[in-house]
Each structure stands twice: as C-alpha cells, then as structure tokens.
Amino acid sequence: MDLLRMDWRDVGFLHWAVDPGTVAETLPDRLSVDTYDGDAYLGVVPFRMADIRPRGSPIGRSFGELNLRTYVEADGVPGVYFYNLDADDVLGVGVARRLFQLPYYRARMRVDRRDGAVRFRSRRTHDGTPTARFDASYEPDGVATTPEPGSLPAFLVERYRFYVDSDGGRLYYADIDHEPWELRPGAATVRRNDLFEANGFDTPDGELLVHVSDGLPVTAGRLHRL
C-alpha cells in the first residue's frame with residue numbers, strides 16, 4: 001500500500017563514473033555495488049519536492065531537496081542507496097527520518113527557474129552534521145525521450161527501490177512507483193558542491209553526465225526489513 005504521494009519537479013541528474021571500490025567500502029553488509037560497463041556511479045540530484053502528502057491527506061507540502069546517491073543491489077534487486085538527503089522543510093525532514101530512517105538533513109534552499117533553466121542553491125543547517133553547500137544551474141540540451149531498457153540513462157534513473165541501514169546495523173528497503181522518466185540530455189554549471197567531501201569522498205575527476213526532467217508523480221510504500 002502506498003504511504004506517500006508526491007511530485008518530483010525540475011529534476012537535475014548529475015552523475016560521475018567512479019571506481020566500484022570507491023563505493024563498495026561505504027556500503028553496509030548485504031548491499032553490493034551495481035555497475036554499468038564496469039563503472040559505479042555517484043549521483044547528485046537536486047529537485048523540487050511538490051505536494052508531498054500521506055495517502056488520503058488533502059494537504060501537501062512543497063520544498064527543495066538535494067541528495068547524493070549511488071546504485072546498489074541486494075539479493076539481485078537493484079535500488080538506490082542515499083548518503084544524504086538535504087531538504088528545506090523542518091517538518092518533512094523529521095517525518096522522513098522517523099518513517100524511513102533515511103539520512104535527511106535540514107537545509108536552506110533557493111530554486112529559481114527561468115526559460116527552462118534551473119538554478120539550485122542549498123546550505124545545510126542541520127545541527128551536528130558536516131556543513132554542505134551546493135550551487136549549480138542545469139538546463140535541457142536536447143529532445144525528451146524515455147530511456148531505452150539496458151541503456152546507461154535507464155540504469156541511472158529507472159530505480160524502484162531504495163535501501164537504508166539503521167544505527168543497529170539492520171537493513172531496510174522501501175519500494176517506489178512512477179511512470180518511466182522522460183529525460184533530456186542536459187548541460188550544467190556547478191559553482192560549488194560540498195556533498196562529496198561531506199560524505200567522505202574525493203571529488204570525482206571524470207566527465208559530468210547531465211540529464212534533466214520536468215518531473216513526474218511518485219508514490220512510496222512502507223519500510224520493510226530485508
């Protein structure tokens with residue numbers, strides 16, 4: 001049963017290929033690195049979370065969100081593993097941490113859209129966590145298409161489960177559902193990005209791969225122990 005309904009809007013997918021060993025040493029037990037042509041990927045994903053609400057609620061909340069993530073498998077099922085999810089909503093951060101045990105952190109954000117281009121700025125304000133600032137602009141640079149199954153874009157965005165580990169060492173998952181993404185190739189200017197350093201990574205030195213999307217509706221289910 002769906003627990004939450006929401007819209008993800010003005011989404012930027014910023015990805016860097018990295019050595020699988022870089023990711024493997026950060027993962028909890030029972031998660032393995034998912035690779036494409038031998039590469040693991042770290043993704044920075046800024047977007048607007050719009051009209052998020054519990055199932056049946058007539059009132060939703062909207063705010064900016066920014067995450068650093070990678071791609072994993074558990075028992076053969078692919079998914080996403082989040083290192084951080086910064087969000088500009090005190091209530092939303094508290095609820096997400098309780099319901100999903102995800103590493104959500106409070107942040108102040110500003111999201112501006114003009115002529116199809118999005119500028120996304122974030123400054124983490126959560127007590128007791130490493131500071132992290134982000135400032136980037138991204139915009140489409142091509143025609144929108146649905147990624148072909150087996151392609152790199154499909155590998156990066158068509159993920160319908162996320163995994164999370166608790167402080168007690170237990171591993172959990174939750175499933176999400178949405179229509180296939182419509183993506184455009186994109187261009188981005190990253191003025192500042194502290195997320196790698198804040199999570200113990202060196203900044204990748206490879207080429208930045210950018211996709212953008214206007215967004216889509218998403219539902220999320222309850223957390224289950226693996």
Side-chain angles (χ1 to χ4, degrees), residues 1-9 11-18 20 22-37 39-47 49-50 52-55 65-87 92-93 95-105 146-183 195 199 209 211 213 215-226:
M1 180 181 292
D2 299 335
L3 181 63
L4 295 175
R5 299 176 182 270
M6 69 206 84
D7 288 342
W8 293 346
R9 299 178 182 168
V11 187
F13 293 102
L14 282 58
H15 284 100
W16 290 261
V18 297
T22 300
V23 170
E25 63 186 15
T26 70
L27 298 179
D29 293 341
R30 296 188 67 186
L31 288 185
S32 58
V33 184
D34 198 1
T35 62
Y36 189 91
D37 286 346
D39 289 323
Y41 280 83
L42 290 173
V44 175
V45 183
F47 63 101
M49 179 77 80
I52 182 170
R53 64 180 71 190
R55 181 182 178 90
E65 185 166 322
L66 172 70
N67 65 64
L68 175 64
R69 68 194 214 175
T70 194
Y71 305 103
V72 297
E73 289 184 335
D75 299 333
V77 181
V80 175
Y81 181 76
F82 294 104
Y83 295 102
N84 72 266
L85 303 100
D86 291 8
V93 167
V95 170
R97 290 174 73 94
R98 288 194 301 272
L99 286 181
F100 295 109
Q101 302 186 46
L102 286 164
Y104 264 93
Y105 304 117
T146 299
E148 289 289 333
S151 67
L152 177 56
F155 171 88
L156 296 172
V157 305
E158 296 299 341
R159 299 273 164 166
Y160 296 89
R161 175 169 290 188
F162 66 80
Y163 295 98
V164 58
D165 55 323
S166 71
D167 292 338
R170 295 181 291 271
L171 191 66
Y172 296 86
Y173 71 89
D175 292 323
I176 66 170
D177 190 43
H178 55 74
E179 294 296 320
W181 284 96
E182 284 200 357
L183 297 181
L195 297 184
N199 287 284
L209 178 64
H211 298 91
S213 176
L216 44 64
V218 179
T219 59
R222 296 183 180 276
L223 203 63
H224 304 277
R225 186 170 178 178
L226 193 66

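Remember, it's a predicted structure, so these values are computed and weren't measured experimentally.
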Discussion item. Test side-chain contact (heavy atoms from CB on, under 4.5 Å) on Leu156 and Phe13; report intermediate values, then the result.
Written reply: CA-CA 9 Å; Leu156 296 172; Phe13 293 102; over 6 Å; no
Discussion item. Can you list everything that forms a side chain to side chain contact (heavy atoms under 4.5 Å, CB included) with Asp34? Sequence neighbours excluded, please.
Written reply: Tyr71, Glu73, Pro78, Phe155, Arg159
Discussion item. Could you tell me if the side chain of Thr26 sits less than 4.5 Å from the side chain of Thr70, heavy atoms only?
Written reply: no
Worksheet entry | Beyond-backbone contact of Val80 with Asn67, side-chain heavy atoms, under 4.5 angstrom | no
Practice prompt. Check side-chain hydrogen bond (donor to acceptor under 3.5 Å, both in side chains) between Tyr81 and all other residues, then give those that pass, not counting sequence neighbours.
Written response: Asp165
Item to complete: Could I get the full list of side-chain hydrogen bond (donor to acceptor under 3.5 Å, both in side chains) partners for Tyr104, not counting sequence neighbours?
Response: Glu65
Discussion item. For Asp175, give me all partners under salt bridge (charged side-chain N to carboxylate O under 4.0 Å, His left out), at least two apart in sequence or on another chain.
Written reply: Arg161
Discussion item. Tell me every residue that passes side-chain hydrogen bond (donor to acceptor under 3.5 Å, both in side chains) with Asp7, counting only those two or more places apart in sequence or in another chain.
Written reply: Arg9
Practice prompt. Would you sort out whether Tyr41 and Arg69 count as a side-chain contact (heavy atoms from CB on, under 4.5 Å), showing the intermediate values?
Written response: CA-CA 8 Å; Tyr41 280 83; Arg69 68 194 214 175; over 6 Å; no
Item to complete: Give the minimum heavy-atom separation between Ala174 and Arg222, together with the two atoms involved.
Response: CB-O, 3.6 Å
Worksheet item: How would you list, by chain and number, every residue that makes a side chain to side chain contact (heavy atoms under 4.5 Å, CB included) with Asp75, sequence neighbours excluded?
Response: Arg30, Leu226
Discussion item. How long is the straight-line distance from OG1 of Thr219 back to CG of Asp177, given to the nearest 0.5 Å?
Written reply: 4.5 Å
